[in-house]
Undergrad: 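I am attaching a structure below and will ask some questions about it afterwards.
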Protein chains: 4
Amino acid sequence: MTAAGERPLPERLLAVATRLFAENGYEGTSVQEIVRAAGVTKGAMYHYFAAKDDLLYEIYHRLLALQTERLRRLAGGAGPAEERLRAAAVDVIETSVAHLDELTVFFRSMHLLPAEKQKAVRAERRRYHECFRALVEEGQREGTFRAGVPADLAVNFFFGAVHQLSTWWHPDGPLDAGAVGEYYVGLFLDGLRKDGGLGEGSG
Amino acid sequence: MTAAGERPLPERLLAVATRLFAENGYEGTSVQEIVRAAGVTKGAMYHYFAAKDDLLYEIYHRLLALQTERLRRLAGGAGPAEERLRAAAVDVIETSVAHLDELTVFFRSMHLLPAEKQKAVRAERRRYHECFRALVEEGQREGTFRAGVPADLAVNFFFGAVHQLSTWWHPDGPLDAGAVGEYYVGLFLDGLRKDGGLGEGSG
Amino acid sequence: MTAAGERPLPERLLAVATRLFAENGYEGTSVQEIVRAAGVTKGAMYHYFAAKDDLLYEIYHRLLALQTERLRRLAGGAGPAEERLRAAAVDVIETSVAHLDELTVFFRSMHLLPAEKQKAVRAERRRYHECFRALVEEGQREGTFRAGVPADLAVNFFFGAVHQLSTWWHPDGPLDAGAVGEYYVGLFLDGLRKDGGLGEGSG
Amino acid sequence: MTAAGERPLPERLLAVATRLFAENGYEGTSVQEIVRAAGVTKGAMYHYFAAKDDLLYEIYHRLLALQTERLRRLAGGAGPAEERLRAAAVDVIETSVAHLDELTVFFRSMHLLPAEKQKAVRAERRRYHECFRALVEEGQREGTFRAGVPADLAVNFFFGAVHQLSTWWHPDGPLDAGAVGEYYVGLFLDGLRKDGGLGEGSG
DNA sequence: TATGAATGAGTTTTCATTCAT
DNA sequence: CATGAATGAAAACTCATTCAT
C-alpha cells in the first residue's frame, strides 16, 4: 500500500520538493536532490515540470486553490458577517497550519519566481484577499465592526500574522493548532469589533 | 561631500547589499553585483566581511540592536503598561517601516544563514521578544489586558503582522507609515484589551 | 581509431590529469586546464569525479591496485624467498618506471588529499608493504638474509629509493629501466644478504 | 628570555613557515597564516622576503648549505674512503632527521618554485651529490666497493631512501634516529661492498 | 516515458602582492 | 621598519537545463 510508487509522480515530486524547500530553502535545494529523494531521475521530473520554479509555483498554487474554494463556500453561506468571517478565519488558520511547509516556502521564496509566474500568483492571492475583505466590509456595514479601520489593512494585518506562523509555532509545542486558531481569531475579531466584546479566545 | 568615498566602505557595502537583496533576493544577488554597485572589488569586500552571509547577518543585527535599545528605553519608562506598550508598538512599526528593506531581506533569507549565525540572531530576537512580552504581561497583571491570551502568542501575532508589512505596504501607497502604525497598534491593543475599548485607532 | 572519443572519458581525464600533475604539480594544475586538455567541459569532469582530489586518489589507487595484484601473484609462487623477493623487487621497479608520472604525482601530493582519502590510500599502501615485508622475513627465517635488520625498515629503505626514482631517472638518459631495476635490486639484496658485509646495522 | 622577539624576525618567519608547510603543504599555507603565526604583519614579511617562494627556497638552501659544509669537512679528511663515506652517510641521515620538516617540505614542493630558483637549488644539490659520489668512486678505485655499480646510481639510491624518511619514520616510533642511521648506512654500504653478494647488477 | 551524460554560465571565495601612510 | 586596505586574477565547484538514445 505504501509502495514506492503509491502516489502519482507529480504529487510525489511536489511533496518531496515542499519538504526539502522548507528544510533547506528553495535555492538551497538542487533539482538533483529532489529527484534523488523522490527516487527518480531528472528526465522524469522535467517530463512533468518544465522548470524548477514550476514546482514552487505549483506548491503554492495548489494550497491557494484549496483555500480559495473553502473560503468561497464559507463566505457565501448564510448568517451574520461576523460568524462567516470567524469561520473563514478559523479555516484559513487550520489549512495554513496543515500546510505550513507550503506556506513557509512560498513566502520565503516567491521573489525568486520569474515575473510572469509571480504575477499569476499575486492575482490568485488578490482574489482570495478580496473575498476575505468583503466579509470585513460587510461586518462594518452591518455595524458589528468599527468603520474606522480600512478593511484592506485589517485583512493584511491578520494574514501577516498567519503567514508568519511558521516562524514560531511548532506542532510539538505547548499550543495545538486549534488553540492557536482560536486565539488568533479572537485577537483579530476583538481588534475589529465595535464594542470590544468579551472575546472568549480559545475555549 | 557626497563623493564616492563619503561613508566608510563597510557601511556603503551594507547599504548597497540591503538594497540589492531587497530587490532581487539574497540568493538572486551575486557578490559581484554588490561590489560593482559599491564601486569596489571583491577583495575589498572580503577584507571587511568574511562571507556573503556576514552581510545578511550584519544587516539584521544592526537593525535589531537599534530596535532593542529603543525598546529598552521605552519599556523602562514610567506610566501604565498600556501606555508604554503602545509607545513601543508604535516605535517598532516606525523603525520597521523606516528599514523595511532590512526587515524583508532578513525574514525572507534568515534560513540561509549558517547554523551558528542563525542561532545568534535568534537569541538576539528572543531578547527583544521577551522584553515586549513583559510589557504585555504587566498589562495583564494590571488588569488592562485580558488574561485569557498567552502573552507570548499575542506578541507573535503582532510581530507577525509587522514583519509582513513589506508584502503589501509601499511608501507611495495611500497610507503613510504613521497611519499604518496607528491602525496596527489599534488593532493589536483593542484585541488585547479587557473591555473591548473605545480605541478608535488612528484619529 | 584514435578519434577524440576513443577511450571512455574518465580514463581520458585521468591520463590527462596525470600528465599535467607531473608537469606542473597538483596545485599548479587547474581543473580548467585538465578539461581543456581533455577537450571537455568542467561539468563533464564533475560528472565523473566529485572533486579534483578524486583524480589524485584514483591515479594512485589504480597503480597500487595493479602493483598489489602482481605482488600477490609473485609472492605466492614457489621457490626460495630470495628468488620471489627478487622477482617482486624487479617487478615493482618495472611497473613504477612504467608509471613514473603516477608515482611522482602521488608522493609529491598525497598530503593534499582530504584526511579520509589519505587514510584509505595509506591502508592500501600498508597492505602492499606488509606483503613485501613478509618476503623479507621469510628470507631471514630461511637464513638467506641477515636477521639483524628489521624487515620493516629494509622495505622502507628500498621503497624510498624506488619512490624517488623520478627525481633523477629519465627514459632518455644513459640507463634504461631494466638496468636501473637490476642495479637497484642488486644493491638492495646485497645489502640484506647474510654473507654480505659484516655490518650488523646499529651497534 | 623566550620573549616574542627572541630570534631575529627572518629566522622566526622561516621556522614558522617550515612548520606550517610541513603540516599543511606549501600551497595549503597562506602568507596570512604564516605572519599570523609569527605574530607580525604581511608588510614585515615582505620586507625580508620578496615572495612566498623565497621562504621555500631559503628553507632548503640553508639546510643544504649546512649539509654541504659538513660533507666537505668529512670527505676531505684522512683515512680509507669507506670510513669517510660511512661518516658522511651517517651525518647526512642525522642532519636530515634533525631537519625532517625542511626536507619533507622541499621534496614535496620544489616543483612549485619558479624556474630560476629551481635551477639554483638543483645546482646546489648537484654539488652535494658530486662530492658524495666522489667518495663512492674513490672506494671503487681502492677496491673496497665493487665497480659494477655506477657510483651515480648508488648515490641516488641511497639519497632516495633518505629523502623518503619522513614518509614512515617518526621520532616517537620504536627506532631512534641513530638506529635508523646505522641500519640505513649498513644496508647501503653492504650493498656496495665487493665481498657482498655476487650480484653483478645488470648483465 | 524515462535516462544520464554533458553543457556553460555562474557562484563564492582565496590569495600573493602592492602601496600610500 | 611596519601597517593594513585594496587589488585583480584565478581557483574549485554547482546547477538548471538539454538532448540523443
Side-chain angles (χ1 to χ4, degrees), chain A residues 9-10 26-36 38-56 112 114, chain B residues 5 8-10 13 26-35 38-55 112 114, chain C residues 5 8-10 13 26-36 38-55 112 114, chain D residues 8-10 26-36 38-56 112 114:
Chain A
L9 189 44
Y26 174 78
E27 295 285 275
T29 306
S30 70
V31 169
Q32 190 59 251
E33 284 164 348
I34 297 170
V35 298
R36 189 192 313 133
V40 295
T41 60
K42 282 192 209 171
M45 196 211 89
Y46 278 97
H47 183 74
Y48 292 106
F49 300 94
K52 188 189 176 188
D53 51 49
D54 262 24
L55 290 168
L56 180 55
L112 299 171
Chain B
L9 188 45
L13 284 166
Y26 174 79
E27 317 96 312
T29 306
S30 72
V31 170
Q32 188 59 256
E33 284 163 349
I34 296 170
V35 298
V40 294
T41 60
K42 276 188 235 182
M45 194 210 92
Y46 279 97
H47 186 71
Y48 293 105
F49 299 94
K52 188 188 175 189
D53 53 49
D54 261 25
L55 290 168
L112 299 171
Chain C
L9 188 45
L13 284 165
Y26 175 79
E27 318 95 312
T29 305
S30 72
V31 170
Q32 190 58 254
E33 285 163 349
I34 297 170
V35 298
R36 190 194 311 133
V40 294
T41 60
K42 273 190 240 182
M45 194 211 92
Y46 279 99
H47 186 73
Y48 293 104
F49 300 93
K52 187 188 175 189
D53 52 49
D54 260 25
L55 290 168
L112 300 171
Chain D
L9 190 44
Y26 174 78
E27 295 284 276
T29 305
S30 70
V31 170
Q32 190 58 253
E33 284 163 348
I34 296 170
V35 297
R36 189 192 312 135
V40 295
T41 61
K42 283 190 207 171
M45 195 210 89
Y46 277 98
H47 183 74
Y48 293 106
F49 299 93
K52 187 188 175 188
D53 50 49
D54 262 24
L55 290 168
L56 180 56
L112 299 171

Undergrad: Could you please name the partner base of F:dT21, counting Watson-Crick and G-U wobble pairs only when both distances are under 3.5 Å?
TA: E:dA2
Undergrad: With respect to the phosphate group of F:dT14, does any side-chain polar atom (N or O) of A:Ser30 fall under 4.0 Å of OP1 or OP2?
TA: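 No, outside the criterion.
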Undergrad: Within the structure provided, determine whether D:Ile34 and D:Leu55 are in side-chain contact (heavy-atom separation under 4.5 Å).
TA: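 Heavy-atom side-chain distance check passes, below 4.5 Å.
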Undergrad: Does A:Ala44 or D:Gly28 map to a spot on DNA chain E nearer the 5' end, using the closest nucleotide for each?
TA: A:Ala44
Undergrad: What is the distance from CZ of D:Arg36 to P of E:dC15, rounded to the nearest Å?
TA: 10 Å
Undergrad: State which of F:dC13, E:dT12, F:dA2 makes the closest approach to the side chain of D:Leu9.
TA: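 Minimum distance to the D:Leu9 side chain belongs to F:dA2.
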Undergrad: DNA chain F: D:Gly39 or A:Glu27, which has the more 5' nearest nucleotide?
TA: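 Looking at DNA chain F, the more 5' nearest nucleotide goes with D:Gly39.
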Undergrad: What's the CG-C1' distance between D:Leu55 and E:dA16, to the nearest Å?
TA: 12 Å
Undergrad: Return the value, rounded to whole Å, for the distance between atom CD1 of B:Ile34 and atom C1' of E:dT13.
TA: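 One finds 13 Å between C1' of E:dT13 and CD1 of B:Ile34, rounded.
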Undergrad: For C:His47 and E:dT3, give me the distance from atom NE2 to atom P, rounded to whole Å.
TA: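 The answer, rounded to whole Å, is 14 Å.
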Undergrad: So B:Leu9 and B:Val40, do their side chains get closer than 4.5 Å, heavy atoms only?
TA: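 They are in side-chain contact.
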Undergrad: Could you tell me whether D:Tyr48 contacts a base, only the sugar-phosphate backbone, or nothing, with contacts defined as non-hydrogen atoms closer than 4.0 Å?
TA: sugar-phosphate
Undergrad: I'd like to know if the side chain of A:Lys52 and the backbone of A:Thr29 have a donor-acceptor N/O pair within less than 3.5 Å.
TA: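 Answer holds: yes.
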Undergrad: B:Tyr46 has an atom OH; how far is it from atom C1' of F:dA10, in whole Å?
TA: 14 Å
Undergrad: Among the candidates F:dA6, F:dC13, E:dT12, find the nucleotide nearest to the side-chain atoms of C:Lys52.
TA: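 For C:Lys52, the side-chain atoms sit closest to F:dC13.
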Undergrad: Just how far, in rounded Å, is P of F:dA16 from CG of A:Leu56?
TA: 13 Å
Undergrad: The test is side-chain contact (heavy atoms from CB on, under 4.5 Å); show your working for B:Tyr26 and B:Asp53 and say whether it passes.
TA: CA-CA 9 Å; B:Tyr26 174 79; B:Asp53 53 49; 3.4 Å; yes
Undergrad: Using the side-chain heavy atoms of D:Val31, tell me which of these nucleotides is nearest: E:dT7, E:dT17, F:dA16.
TA: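 It is E:dT17.
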Undergrad: Please report, rounded to the nearest Å, how far the P atom of F:dT18 is from the CZ atom of A:Phe49.
TA: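 So the two atoms are 16 Å apart, to the nearest Å.
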Undergrad: Between B:Val31 and B:Tyr46, is a side-chain contact (heavy atoms from CB on, under 4.5 Å) present by the stated rule, with each step listed?
TA: CA-CA 10 Å; B:Val31 170; B:Tyr46 279 97; 3.8 Å; yes
Undergrad: Ignoring hydrogens and angles, are the base of F:dT17 and the side chain of A:Lys42 linked by a donor-acceptor pair under 3.5 Å?
TA: yes
Undergrad: Whole-Å distance between F:dC15 P and A:Leu112 CG?
TA: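 These atoms are roughly 15 Å apart.
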Undergrad: Taking the nucleotide of DNA chain E with the nearest heavy atom to each, does B:Ala50 or C:Gly43 sit closer to the 5' end?
TA: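 Per heavy-atom nearest nucleotide, the more 5' residue is C:Gly43.
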Undergrad: Between B:Met45 and A:Ala51, which has a closest nucleotide on DNA chain F that is more 5'?
TA: B:Met45
Undergrad: Counting only Watson-Crick or G-U wobble pairs whose two distances fall under 3.5 Å, which nucleotide matches F:dC15?
TA: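 Pair assignment: F:dC15 / E:dG8.
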